[in-house]
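This report concerns only the one structure given below.
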Amino acid sequence: GQQLNQSPQSMFIQEGEDVSMNCTSSSIFNTWLWYNQDPGEGPVLLIALYKAGELTSNGRLTAQFGITRKDSFLNISASIPSDVGIYFCAGQFGNSGGSNYKLTFGKGTLLTVNP
Amino acid sequence: DSGVTQTPKHLITATGQRVTLRCSPRSGDLSVYWYQQSLDQGLQFLIQYYNGEERAKGNILERFSAQQFPDLHSELNLSSLELGDSALYFCASSAGTSGKFFGPGTRLTVL
């Protein structure tokens, strides 16, 4: 089955630093999504990418859909303490006729921001 | 608030029992997805429904089943529960290819 490799597994940074994390896959995806999850809560959608090469920003977050459609990265600029949590990448490969759009998730990157 | 609601928030039950988890998708979303999250397996796709019909199955056990009703809410039924079924169960909804929005989850503890 499809596998997503997400790295790094964890990061400990100082407030104000920039952060970069990435996801690679052995398979092609049509859509890449990035989520953040606080403990005991549901994943919150941060950014959705729909085209190869697409670069999208959401405030201090920027994500890119790799040209090969097998990878994506997420950057967080000027981190703040509330950025803490687990960041998940997710790939989606759906057949447009069948409405089948399940997500395959990476294992997550645990981000800790020291004030 | 994602607009997806799930009940109950917490569920504690015993092995061998059966439980039902409920999900209401965002207004207008026809697709509902169920995911299981455990410490060792991460977020795993279980099953998808689209406008009342099953569309995709993932790693869902035969002891588990789901359905989506005409009002688009969905229920996930877990039976003959085992200790290893303890996990967070999330429902997500979407409109077609758009990003999926997750509910707050149900934490199931099987004792």
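Atom set for the values below is all heavy atoms of this structure, side chains included, hydrogens, waters and symmetry mates excluded.
- L103(A) and F45(B) get closest at one heavy-atom pair: O-CB, 4.0 Å.
- Counting all heavy atoms, side chain and backbone alike, K100(B) lies closest to Y35(A) at O-OH, 2.6 Å.
- No continuous path of hydrophobic side-chain contacts links V44(A) to L33(A) [ILVMFWY only; heavy atoms under 4.5 Å].
- Taking all atoms of both residues into account, the shortest heavy-atom contact from F101(B) to L45(A) is CZ-CD2, 3.9 Å.
- Considering every non-hydrogen atom in both F90(B) and E41(A), the closest pair reads CZ-O, 3.3 Å.
- Counting heavy atoms of neighbouring residues, nucleotides and ligands inside a 6.0 Å radius, atom CD of Q14(A) exceeds 12 of them.
- Hydrophobic clustering (ILVMFWY, side-chain heavy atoms < 4.5 Å, transitive): L4(A) and Y87(A) are in one cluster.
- Residues V4(B) and L11(B) fall into different hydrophobic clusters, defined by Ile, Leu, Val, Met, Phe, Trp and Tyr side chains chained together at heavy-atom separations under 4.5 Å.
- Interface residue Q37(B): only side-chain heavy atoms are found under 4.5 Å from chain A.
- Residue W34(B) is not grouped with residue L72(B) when hydrophobic side chains (ILVMFWY) are merged at heavy-atom distances under 4.5 angstrom, including chains of intermediate members.
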